[in-house]
A.B. asks: 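Have a look at this one.
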Amino acid sequence: MDTPPLLTNKRVAALFYEVSELLRIKGEKFKPQAYAKAAHAIETLREDIADVSRQGKLEEIPGVGTHLAAKIEEIITTGRLEYLENLQKELPAGVQELADLEGIGPKKALILNRELGITTRAGLEEAAKAGRIRDLPGFGELSEKNILRSIGAKGKSVRFLLGEVLPVAQDIVEQLAALPQTKQVSLAGSLRRRKETIGDVDILATSPEPAKVMDVFCSLSSVDRVLVRGPTRSSVVLNTGLQADLRVVKEDQFGAALQYFTGSKDHNIALRRLALERNWKLNEYGLSDLSSGKKIAGKSEDEVYRMLGLPFIEPELREDRGEIDAAKSGSLPDSVPYGSVRGDLHVHTSWSDGKESIRAMAEAAQSLGYEYIAICDHAKGPQFSRGLTEEQRARQGKEIEQVNRTVEGIEVLAGVECSIGEDGTLDAGNAALQDLDVVLAGVHSGFRMPGHEMTQRMVAAMQNEYLDIIVHPTGRIIQQREPADLDLAVFFRTAAERHVFLEINGFQNRLDLPDIHCMKAREYAVRFAIGSDAHTRDNLGAMEFGIATARRGWLEAKDIINTLPIRDLRTVLGS
DNA sequence: GCCGTTTTCGGCCCGACTGTTTTCAGTCG
């Protein structure tokens with residue numbers, strides 16, 4: 001088949017996930033798990049599944065046995081899965097839609113369908129209003145009310161951007177930490193893992209006076225209303241619409257609880273399996289021996305991992321993407337530390353579409369402790385009417401020199417952000433590029449090209465000898481624009497061969513390259529540059545989200561060129 | 001459907017909560 005390699009892995013995984021879902025609705029007990037486990041393994045597989053199949057090594061994938069191997073072969077050769085098609089025929093359409101509702105699972109969805117013939121949410125709403133649901137087994141009057149409420153609330157489960165949520169949540173943590181009654185307090189959940197989108201904020205604390213901590217939490221100025229207020233757990237809705245939960249646990253359980261509430265769910269499941277192998281049990285209260293019931297660990301996360309025979313695993317890695325095997329074999333990445341970036345390589349000023357002067361940005365960067373900053377305003381292409389002409393670029397160069405002479409403690413590099421045309425050419429001439437310290441280029445229009453054309457466009461751009469960094473490589477905007485269709489294997493291989501660095505753009509709605517692609521690119525020995533894409537001095541803080549993305553992508557300081565001191569940076573940039 | 005220093009058969013992560021029951025199934029995180 002001539003399907004692009006990564007699409008095949010995705011497709012196989014997607015079909016298996018769907019089988020898993022339908023089997024779950026059918027009431028199968030363990031098969032859904034088996035399909036979901038295999039789907040996850042295939043999704044995060046580094047090799048192209050078609051290659052694995054050609055080498056006859058499908059059954060070496062964890063969770064894939066003879067039967068699933070045969071089904072994978074079927075998908076690779078025919079693009080279809082008959083087993084799934086039969087399941088789809090067997091199960092009435094719409095049952096899944098019902099099961100997606102809050103409070104309705106596969107069992108109840110099937111009962112509603114079998115007993116009342118309901119196949120849509122509208123049908124369900126009508127039946128609930130008519131009081132026809134209360135007499136079904138397992139349902140009552142209250143069920144009808146809850147069904148109506150969850151139908152009304154559909155679509156409300158929005159996810160927020162990491163960059164929006166993190167500062168707010170850190171502020172809450174600081175306020176709680178400042179209380180004399182608080183002993184320990186930490187972020188948990190997807191926010192602690194720095195996932196790119198966040199469903200709700202989880203905070204964990206220990207205190208001799210939980211009630212006082214709960215009181216303060218529920219009456220914070222950022223709280224809109226209190227949902228639940230209990231002795232050990234409270235939930236509030238913040239002014240932004242975001243939900244936040246605080247749990248207060250016993251001190252000797254803090255580590256186990258932090259581990260548990262940090263997740264991810266899949267990581268926890270894998271960890272508990274590991275505990276079971278030793279006849280131990282792991283839950284939010286601690287690690288304990290199954291036969292004696294004796295507690296083994298729980299005070300700190302470090303202790304929990306250590307007793308399981310593992311080194312500490314950074315929260316950003318806890319996605320069940322191979323981190324537990326890597327921990328076992330001592331091959332976890334040495335995650336790039338948050339403080340290790342020495343400069344920002346993607347900054348705009350009022351010379352193009354930024355809001356502030358070169359001096360203002362340089363001084364702000366200097367106060368963040370950076371050694372250098374690259375001013376990379378847009379070139380004057382068709383996309384950027386406010387981009388710089390070559391004459392303006394020369395004048396900007398003079399201003400950069402002057403800032404370098406007068407602002408102490410920071411080196412300002414002269415750069416540009418070019419646009420990559422549909423044929424792969426850059427919108428600035430080589431004569432202009434050769435004198436610059438750093439040349440960025442990215443796609444700013446024409447995102448929806450067919451995959452092979454987009455790949456060619458990128459490959460062509462990377463032939464330019466002055467190009468240093470491809471910025472926001474996939475062009476995705478989180479929750480707004482899908483990533484461009486790119487053959488990542490070709491893209492990464494070319495970047496590595498041409499010594500072109502790939503940006504990890506930290507701007508809150510970009511985070512591009514995304515974490516999973518960083519993981520993949522790493523296999524090709526690609527190197528990266530993290531940039532904030534700042535247009536104001538406050539935006540410079542987005543570097544933190546770029547580093548978080550790099551950490552989630554298993555990257556180390558040596559993979560990131562802007563962890564280098566200025567001299568070494570200039571060497572790799574060839575400037 | 002997978003998998004094995006407890007097992008080639010009999011397990012498969014764990015606990016809380018809710019609403020339904022009258023001891024528990026279903027759902028959720």
Side-chain angles (χ1 to χ4, degrees), chain A residues 16 19-20 22-42 58-72 81 83-84 87 98-112 133-147 149-150 157 188-191 193 195 198-202 204 227-228 230-233 235 243 245 247 249 253 256-257 259-291 304 308-309 320 324:
Chain A
F16 278 9
V19 169
S20 167
L22 292 177
L23 287 174
R24 213 166 55 85
I25 289 173
K26 258 187 83 177
E28 289 276 1
K29 199 114 179 71
F30 296 107
K31 277 196 205 178
Q33 259 179 44
Y35 274 92
K37 183 168 187 273
H40 179 77
I42 292 162
L58 283 176
E59 289 184 43
E60 288 178 19
I61 301 171
V64 175
T66 46
H67 292 87
L68 288 187
K71 292 195 166 67
I72 294 170
L81 184 60
Y83 180 57
L84 172 61
L87 280 173
L98 300 183
D100 286 341
L101 283 167
E102 170 93 27
I104 303 288
K107 296 278 172 8
K108 290 192 167 176
L110 212 55
I111 291 173
L112 289 165
I133 289 173
R134 61 187 64 177
D135 297 328
L136 294 175
F139 291 84
E141 270 186 61
L142 201 51
S143 310
E144 289 176 347
K145 257 197 229 160
N146 288 339
I147 283 171
R149 196 185 54 196
S150 60
S157 64
S190 54
L191 196 51
R193 304 198 311 277
K195 212 176 157 202
I198 304 296
D200 57 10
V201 175
D202 288 303
L204 193 68
L227 293 175
V228 185
T232 64
R233 185 189 147 203
S235 290
Q243 189 178 322
D245 296 353
R247 289 178 180 81
V249 300
Q253 298 168 344
Q259 196 290 313
Y260 175 84
F261 288 114
T262 297
S264 67
K265 188 173 169 237
D266 287 338
H267 175 87
N268 287 356
I269 289 173
L271 218 54
R272 275 177 227 146
R273 226 177 252 134
L274 208 61
L276 268 186
E277 283 172 18
R278 302 174 181 219
N279 202 31
W280 293 342
K281 181 176 70 169
L282 177 63
N283 58 27
E284 60 263 53
Y285 303 115
L287 185 64
S288 55
D289 189 294
L290 266 179
S291 32
V304 171
L308 289 169
D320 193 25
I324 290 177

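In the text below, chain A, chain B and the rest are named by the order of the sequence lines, each starting its count at 1.
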A.B. asks: Is there a donor and acceptor pair closer than 3.5 Å between the side chain of A:Y260 and the base of B:dG15?
C.D. replies: no
A.B. asks: Please determine if a side-chain N or O atom of A:T66 lies less than 4.0 Å away from the OP1 or OP2 oxygen of B:dG1.
C.D. replies: no
A.B. asks: Does A:N146 reach a base, just sugar-phosphate, or nothing at all? Heavy atoms under 4.0 Å.
C.D. replies: sugar-phosphate
A.B. asks: Is A:L68 touching bases, backbone alone, or none of the nucleic acid, heavy atoms closer than 4.0 Å?
C.D. replies: sugar-phosphate
A.B. asks: Distance check needed: B:dT18 C1' versus A:L142 CG, whole Å only.
C.D. replies: 9 Å
A.B. asks: Closer than 4.0 Å, any side-chain N/O of A:N279 to the OP1 or OP2 of B:dT6?
C.D. replies: no
A.B. asks: For the atom pair CD1 (A:I104) and CG (A:N146), what is the distance rounded to the nearest 0.5 Å?
C.D. replies: 9.0 Å
A.B. asks: When the P atoms of B:dT6 and B:dC12 are considered, how many whole Å apart are they?
C.D. replies: 15 Å
A.B. asks: In whole angstrom, give the distance that lies between atom CZ of A:R273 and atom P of B:dC14.
C.D. replies: 10 Å
A.B. asks: Please give the distance between the C1' atoms of B:dT5 and B:dG1 as a whole number of Å.
C.D. replies: 24 Å
A.B. asks: Answer yes or no: is there a side-chain heavy-atom contact under 4.5 Å between A:L276 and A:L290?
C.D. replies: yes
A.B. asks: Please report, rounded to the nearest Å, how far the P atom of B:dG15 is from the CD atom of A:E284.
C.D. replies: 7 Å
A.B. asks: With sugar-phosphate meaning primed atoms plus P, OP1 and OP2, does A:E28 contact a base, only sugar-phosphate, or nothing at under 4.0 Å between heavy atoms?
C.D. replies: nothing
A.B. asks: Under a 3.5 Å cut-off for both distances, is B:dT8 Watson-Crick or wobble paired, and to whom?
C.D. replies: none
A.B. asks: For atom C1', what is the distance between B:dG10 and B:dA16, given to the nearest Å?
C.D. replies: 28 Å
A.B. asks: Please state how far atom OH in A:Y285 lies from atom P in B:dG15, giving the value in whole angstrom units.
C.D. replies: 9 Å
A.B. asks: Taking the side chain as C-beta and beyond, is there a heavy-atom pair between A:D202 and A:L191 under 4.5 Å?
C.D. replies: no
A.B. asks: Can you check whether A:R134's main-chain N or O pairs, donor with acceptor, with A:E144's side chain at less than 3.5 Å?
C.D. replies: yes
A.B. asks: Would A:K108 count as a cation-pi partner of A:F139, with NZ or CZ less than 6.0 Å from the six-membered ring centre and within 45° of the ring normal?
C.D. replies: yes
A.B. asks: How close do A:V64 and A:A38 get, counting heavy atoms only, and between which atoms?
C.D. replies: CG2-CB, 4.2 Å
A.B. asks: Which nucleotide in the list B:dG19, B:dG29, B:dC14 gets nearest to the side chain of A:K265?
C.D. replies: B:dG29
A.B. asks: If you take all heavy atoms of A:Y35 and A:S20, which pair is closest and at what distance?
C.D. replies: CB-CB, 3.8 Å
A.B. asks: What is the separation between atom CD on A:E144 and atom P on B:dT20, rounded to the nearest whole Å?
C.D. replies: 10 Å
A.B. asks: Could you check whether A:K281 gets within reach of a base, just the sugar-phosphate, or nothing at all, counting any heavy atom under 4.0 Å?
C.D. replies: sugar-phosphate
A.B. asks: Which is more 5' along DNA chain B, the nucleotide nearest A:E277 or the one nearest A:P62? Just name the residue.
C.D. replies: A:P62
A.B. asks: Establish, with yes or no, whether the OP1 or OP2 oxygen of B:dG1 is under 4.0 angstrom from a side-chain nitrogen or oxygen of A:K71.
C.D. replies: yes
A.B. asks: Starting at atom NZ of A:K26, determine the distance to atom P of B:dG1, rounded to an integer number of angstrom.
C.D. replies: 10 Å
A.B. asks: When the distance from CD1 of A:I147 to C1' of B:dT20 is rounded to whole Å, what number comes out?
C.D. replies: 13 Å
A.B. asks: Mapping A:V64 and A:R278 to their closest nucleotides on DNA chain B, which lands nearer the 5' end?
C.D. replies: A:V64
A.B. asks: Expressed as a whole number of Å, how far does the P atom of B:dT27 sit from that of B:dT21?
C.D. replies: 14 Å
A.B. asks: Do A:H67 and A:Y83 come within less than 4.5 Å of each other through their side chains, counting heavy atoms only?
C.D. replies: no
A.B. asks: Would you check if A:Y260 and A:N268 make a side-chain contact, meaning some heavy-atom pair closer than 4.5 Å?
C.D. replies: yes
A.B. asks: Find the distance A:I72:CD1 to B:dC2:C1' and express it as a whole number of Å.
C.D. replies: 13 Å
A.B. asks: Quantified in whole Å, what is the C1' atom distance between nucleotide B:dC14 and nucleotide B:dT22?
C.D. replies: 26 Å
A.B. asks: Which letter, B, S or -, goes with each nucleotide of nucleotides 21-28 of chain B from 5' to 3', with contact meaning a protein heavy atom under 4.0 Å?
C.D. replies: -----SSS
A.B. asks: Please measure how far the C1' atom in B:dC2 lies from the corresponding atom in B:dT7, and state the result in whole Å.
C.D. replies: 14 Å
